[in-house]
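Chain identifiers are assigned alphabetically (A, B, ...) following the order of the sequence lines, protein sequences preceding nucleic acid strands; residue numbering begins at 1 within each chain.
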Amino acid sequence: GAVVSQHPSRVICKSGTSVKIECRSLDFQATTMFWYRQFPKQSLMLMATSNEGSKATYEQGVEKDKFLINHASLTLSTLTVTSAHPEDSSFYICSASGILRGAREDTFGSGTRLTVV
Amino acid sequence: DAKTTQPPSMDCAEGRAANLPCNHSTISGNEYVYWYRQIHSQGPQYIIHGLKNNETNEMASLIITEDRKSSTLILPHATLRDTAVYYCIVRASGGGADGLTFGKGTHLIIQP
């Protein structure tokens, strides 16, 4: 089946620094990838849609200058949290979309636990 | 995408079948029913999907009512590792590129 690799799995950074998270589709080409955020005891919330070769589309309330998304190839999307603050501490998850088993499926990465101190 | 309603939590004994219900009364004709689950501190995992026929794979069975307004995910022999939050999502398949809308899901706890 499809595999999406996400790195790092956890990161601790100081307030004011930037953190980059990578999301790779290992065995299929994903023209579209998605980034989600999950706070404790809450459900996943879509942050942005990442399209290969074009600008990302951000959900309402998500600052595009703070959460920089790059999707330079069909297998790699990156999310950079710039000038991180403690309130950005969360579980960040990516997914890649493809047609599998005859219908659209989204395959998720294992997530990145970001802690800003 | 149509909205879904799921019970917030369920318990099931290990080895028994776990039956997770989902209501999606506003589902439209081109929308599929998808099930994902999320084990604690991991990314969601695809389980199964269907349009109107019942479906079965190595993980689970999906039973969709004839009017498509509700469905049931069945884990035939639940194990402790099936403890997770299960999400029922309806969405149009094929064209378009929209992210998934996750509700609160059902927290399934498998009891030893």
**Q** By a 4.5 Å heavy-atom criterion (distance strictly below it), what part of Gln38(A) contacts chain B: side chain, backbone, both, or neither?
**A** side chain
**Q** Spell out, as yes or no, whether a donor-acceptor pair under 3.5 Å connects the side chain of Tyr36(B) to the backbone of Asp106(A).
**A** yes
**Q** Following the transitive rule for hydrophobic clusters with a side-chain heavy-atom cut-off under 4.5 Å over Ile, Leu, Val, Met, Phe, Trp and Tyr, establish whether Phe34(A) and Phe108(A) coincide in one cluster.
**A** yes
**Q** Picking from Gln38(B), Gln45(B), Lys104(B), which has the most non-hydrogen pairs under 4.5 angstrom with chain A?
**A** Gln38(B)
**Q** Is Met33(A) reachable from Leu76(A) through a run of hydrophobic residues whose side-chain heavy atoms are each under 4.5 Å from the next?
**A** no
**Q** Mind checking whether Met59(B) and Ile48(B) sit in one hydrophobic cluster, side chains of I, L, V, M, F, W, Y counted as touching below 4.5 Å?
**A** yes
**Q** Is the count of non-hydrogen atoms from other residues, nucleotides or ligands lying under 6.0 Å from Met45(A) atom CE greater than 12?
**A** no
**Q** Ignoring hydrogens, what is the shortest heavy-atom contact between Gly103(B) and Ser43(A)? Give both atom names and the distance.
**A** O-OG, 2.6 Å
**Q** Where do Ser41(B) and Phe91(A) come nearest, in terms of heavy atoms and distance?
**A** O-CZ, 3.6 Å
**Q** State plainly whether one hydrophobic cluster holds both Met10(B) and Trp35(B), where clusters connect Ile, Leu, Val, Met, Phe, Trp and Tyr through side-chain heavy atoms under 4.5 angstrom apart.
**A** yes
**Q** Can you name the closest pair of heavy atoms from Leu44(A) and Pro44(B) and give their distance?
**A** CD2-CG, 3.7 Å
**Q** Checking Leu46(A) against chain B: side chain, backbone, both or neither under 4.5 Å from a heavy atom?
**A** side chain
**Q** Around atom CD1 of Ile12(A), are there more than 12 heavy atoms from other residues, nucleotides or ligands closer than 6.0 Å?
**A** no
**Q** Ignoring hydrogens and geometry, is there a side-chain-to-backbone donor-acceptor pair from Tyr36(A) to Leu100(B) under 3.5 Å?
**A** yes
